[in-house]
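To start, the structure under review is shown below, and the notes come after it.
Start at 1 and go down the list; that is how both ligands and their atoms are numbered. By convention here, the first residue in the shown sequence is residue 1.
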Amino acid sequence: MVSVTVHGGAGEIGGNKILVEDGAHRVFLDFGMSFGRMGDFYEDFLQPRTNSGLRDLLALGILPKIDGIYRQDLLEFDGLEETLAELGVADDSLWAADVKSYEEIRGRDGSPAVDGVIVSHAHMDHFQHVSMLDERMPVFCSETTKAVIETAEELSADRFGTDVINVKRRSIAKLGKSAFFPDTPKVETECVPRPVNAVCAGKAFAVGMMEAELHPVDHSVPGATAIVLRTGEERIVYTGDLRFHGLAGHLTHQFRDALAGSRPDILIAEGTRIEKDTPDSEAGVLEECTQLVSQAGPGLAMVAFAWKDTTRYRTMIEVARETGRTLVVSAKLAYLLHRLSSLPDAPVRPACDEPNVKVYLKRKGSMLYSMNDYVGSKYDLGYSAEWDKKDCSTIHTEHYECGVRAYDIAADPGRYLLHLDFYELNELIDLRPPPGSVYVSAVSEPFNMEMELDRDRLQRWLQRFGVNPPDFEPIYAHASGHASGPELIEMVKAINPKVLIPVHTEHPELFVEALDGSGIEVRIPTLGEPIILG
Ligand SMILES: [Zn+2]
């Protein structure tokens, strides 16, 4: 008998953690971070305590209390009992966790409590909390998804919970002789790689006793897939996040057509935009941005878009071409393109192969454009971050030599379309955009209070530098990563599952209305409550 328990993504957008169980066999579909639940308790300067491990997230209900899946070091440090005794701490309740680790639950034959996690795509709300899982639990995803996750980790600030691939295992050690209090305990970290299995689309692979298959779909990050899972007798299909209107919309059509009429036992479908009647259009973004950028005349044109969104990047190459400008991208995006272009089925070309794309070299460190300012991140200086001190041939400095700097842009602003995200707005001080300059936000419009505050900040920056006309709202030109309501319902009817479980939506009830009389039973998930088939 199969059951599906939604531990994240029930009545909320994101944080998907979906447990499929067939007797003793268990597989997670995604293990993402819930931005909503994190935001309920935390913000920039109020964050989970690094060395409190999972205790904080479990206490707040941000992570589900499930035995046998989490890292031992995040539940209890090795040698904790002896250390507390040595320190004279009699009450250990502050260190107690009320879930059992992976190690504690492993069967006599070494079998884990959960056979593996299949990650649908490289958005944080689908993969980030894999960092909390024991690194021996097998993880599966597409090769591109693996590369994007690796890149995101390399480029991210070293914060608690960002260690998906290079697990920072914590343990108790003793301070050295030079410390104020020698021989007292401290926590140190050791890097342990988490093996992630990159699997080819369309090829069946085993996760414990279950069989799975990935189907590429179009979404706002490269490498996104839907997942088909076969248990003993049942077939379960999970859409991940998808859309039909992106540059690779044909992939989502192929997925739907491959499954059409197959009547799987369960379809777990995303419903982010179920309440929206009209499909978005990436071609519309191209048209709108071209029109807006052409208004900049001899001024500078700037555009914000998510650095993982390679579709939007390709749209911006077109905008630059149509308006006779050179697209200048961030070094972060250039590094992602470099990584992805080396994959066998490369979804993109490196920036250096595009005739009208250049890379921006920003000032940092000493603010003098000194080579040394960049060695900490390496990708800032060239296309690769793989540097070896002993082998000079591995050192890449292309951006330093041929990149575009703020003073190059200020000297000839009408020549450029600059990729400038919200978090890079300090660059405006160096760019000194002339009157008539334009800034377009090719990202989604604010949908919560925090984003509205950021929009107000953006407006103040633009007003300060005379960018966009005075009565002008920051311009949002965006096509979502998600299909519209009619497209989703049409897909569900075509696949025609026995049971539909809507996830990743605030309006799962709209599926019930739309599928009334279709012969498809809609089961709306409640967080942590199993939906048992039959
Ligand atoms: Zn997504």
Just by modelled atom types, is the [Y] backbone N or O under 3.5 Å from a matching donor or acceptor in the [X] side chain?
| X | Y | answer |
| --- | --- | --- |
| S142 | G223 | yes |
| Y439 | L420 | yes |
| D115 | H25 | no |

Fit a plane to each ring of H219 and H121, take the angle between them on a 0 to 90° scale, and name the class: parallel (under 30°), tilted (30 to 60°) or perpendicular (over 60°).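 Ring orientation, 0 to 90° scale: perpendicular.
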
Parallel, tilted or perpendicular for F28 and F31, by the 30°/60° rule?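 It falls in the perpendicular class, over 60°.
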
If you draw a sphere of radius 2.8 Å around the Zn ion (ligand 1), how many protein N/O/S atoms end up strictly inside it?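 My tally for this metal is 4.
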
Atom of H245, atom of S480 and distance for their closest heavy-atom approach: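 Minimum heavy-atom separation between H245 and S480: NE2-O, 2.6 Å.
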
